[in-house]
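For clarity, every value in this text was computed on a predicted model and none was experimentally measured. In what follows, every heavy atom counts, from backbone to side chain, and hydrogens, waters and symmetry copies are set aside.
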Amino acid sequence: MPASEFASAVAATLRAERSARRWTYRELADAAGMTEQSVMRYLTGKRDLHMTDLGSLADALGISPVRIVQQAMDRRTPQSAATGPER
């Protein structure tokens, strides 16, 4: 999966988790100890997500960063799933 596709899938997973809780960007930002602007940029794909921030967002959502990554991998397009993982 290309890096940009993976980043988009991670952002989509985080957006889905936030929406499932009916949280605003501000509520997620406060829970994660981040600014609302940073969270919005991460979840809209306008900013690359750093691992430490992924951990903070996952903790705020009460889920494992591994779960977020797995769900992102599950979002792969049929074409990228057919070609397998990149090395």
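By the side-chain hydrogen bond (donor to acceptor under 3.5 Å, both in side chains) test, Q71 is found to be paired with no residue, residues two or more places apart in sequence or in another chain being considered. Shown here are the side-chain hydrogen bond (donor to acceptor under 3.5 Å, both in side chains) partners of Q70, two or more places apart in sequence or in another chain: D74. In this structure, R15 has no side-chain hydrogen bond (donor to acceptor under 3.5 Å, both in side chains) partners at least two apart in sequence or on a different chain. Partners of E36 according to the salt bridge (charged side-chain N to carboxylate O under 4.0 Å, His left out) rule, which considers only residues two or more places apart in sequence or in another chain, are R26.
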Can you give each donor-acceptor pair under 3.5 Å made by side-chain atoms of residues 54-69, sequence neighbours left out, with the distance rounded to 0.1 Å?
| residue | atom | partner | partner atom | Å |
| --- | --- | --- | --- | --- |
| S56 | OG | T52 | O | 3.2 |
| S64 | OG | V66 | N | 3.0 |
| R67 | NH2 | E17 | OE2 | 3.3 |

For residues 39-48, run the donor-acceptor check on the side chains, cut-off 3.5 Å, and write out each pair with its distance to 0.1 Å, sequence neighbours left out.
| residue | atom | partner | partner atom | Å |
| --- | --- | --- | --- | --- |
| Y42 | OH | D53 | OD2 | 2.3 |
| T44 | OG1 | M40 | O | 2.7 |
| R47 | NH1 | S38 | OG | 2.8 |

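The OH atom of Y25 lies 13.0 Å from the OG1 atom of T35; values are rounded to the nearest 0.5 Å.
Among all heavy-atom pairs drawn from R75 and A16, the shortest one is NH2-CB, 3.7 Å. Between A72 and A9 the shortest heavy-atom distance is O-CB, 3.4 Å.
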